[in-house]
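Computed over heavy atoms, backbone and side chain alike; hydrogens, waters and symmetry mates excluded. Everything quoted here is computed from the prediction, not taken from an experiment.
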Amino acid sequence: MSSSLKAAVLMGSISDLPKIQGCVDTLKKLGVETVVRVMSAHRTPELVAEFTENAEAQGFGVIIAAAGGAAHLAGSVAAHTLLPVIGIPVEGGALHGMDALLATVQMPGGIPVATVGVGSGGATNAGLLAAQILSLADPALRQRLREDRQKRKEKVLAADRELQATL
């Protein structure tokens with residue numbers, strides 16, 4: 001059931017895990033082999049460079065980078081690979097994630113990073129976007145995405161029917 005290419009989910013700090021768990025859960029639910037690592041653009045820059053420079057050869061098709069504060073992880077990753085990079089600005093700190101959002105979306109021309117929203121919806125969307133990218137070369141994954149989308153639709157329709165029955 002697993003996609004032929006893997007997804008990497010990198011986070012700047014282990015404290016980010018609860019905030020990006022939706023991303024990891026989404027990828028695993030869709031059958032995407034997922035590797036989750038802690039590495040920091042500032043504290044372990046050599047590790048970030050080594051991992052991302054070798055990611056394609058290791059079978060990865062997309063890298064998701066989650067960081068708060070200065071949020072340089074996604075940009076550092078993108079500078080070392082041609083794989084698609086998705087940045088998750090992690091909510092927290094004095095600015096509640098606004099600093100991470102601005103840092104992630106302000107990449108210079110030539111080093112693209114796709115950026116999702118701050119908060120749990122952003123983490124889930126990062127997982128979905130990564131799966132959509134990988135599904136371009138994996139018809140079975142594409143079908144699982146269609147089924148997931150249908151389930152989400154059915155959940156909303158069921159909630160509306162329940163609401164209408166109570167009114």
* Carboxylate-amine/guanidinium proximity below 4.0 Å for Asp148 and Arg152 ->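 Yes, charged N to carboxylate O under 4.0 Å.
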Give me the atom names and distance for the closest heavy-atom approach of [X] to [Y].
X      : Y      : value
Gly97  : Val118 : O-CG2, 3.9 Å
Ala74  : Val85  : O-CG1, 3.7 Å
Pro112 : Ala78  : O-CB, 3.7 Å
Val90  : Lys19  : CG1-CD, 3.4 Å
Ser135 : Leu141 : N-CD2, 3.7 Å
Thr104 : Ala71  : OG1-CB, 3.6 Å

Taking the side chain as everything from C-beta on, heavy atoms only, tell me whether [X] gets closer than 4.5 Å to [Y].
X      : Y     : result
Ile88  : Cys23 : yes
Arg37  : Val35 : yes
Val38  : Ser13 : no
Ile64  : Leu27 : yes
Leu5   : Phe60 : no
Leu17  : Met11 : yes
Val116 : Ile86 : yes
Asp25  : Lys28 : no

* Verdict with supporting geometry, Lys6 and Thr34, side chain to side chain contact (heavy atoms under 4.5 Å, CB included) -> CA-CA 6 Å; Lys6 301 181 284 188; Thr34 305; over 6 Å; no
* Picking from Ile133, Val32, Leu129, what satisfies side-chain contact (heavy atoms from CB on, under 4.5 Å) with Val62? ->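 Exactly one option meets the side-chain contact (heavy atoms from CB on, under 4.5 Å) with Val62, and it is Ile133.
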* To do: Please determine, by modelled atom types, if Asn54 and Glu50 share a side-chain donor-acceptor pair under 3.5 angstrom.
  =>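 No.
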* **Glu147, Lys153, Glu154, Arg146 screened by side chain to side chain donor-acceptor pair (under 3.5 Å) with Gln150, the one that passes** =>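 Exactly one pass, corresponding to Glu154.
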* **CG-NE2 distance between Leu73 and His42, expressed to the nearest 0.5 angstrom** =>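 Spacing of CG (Leu73) from NE2 (His42) equals 9.0 Å.
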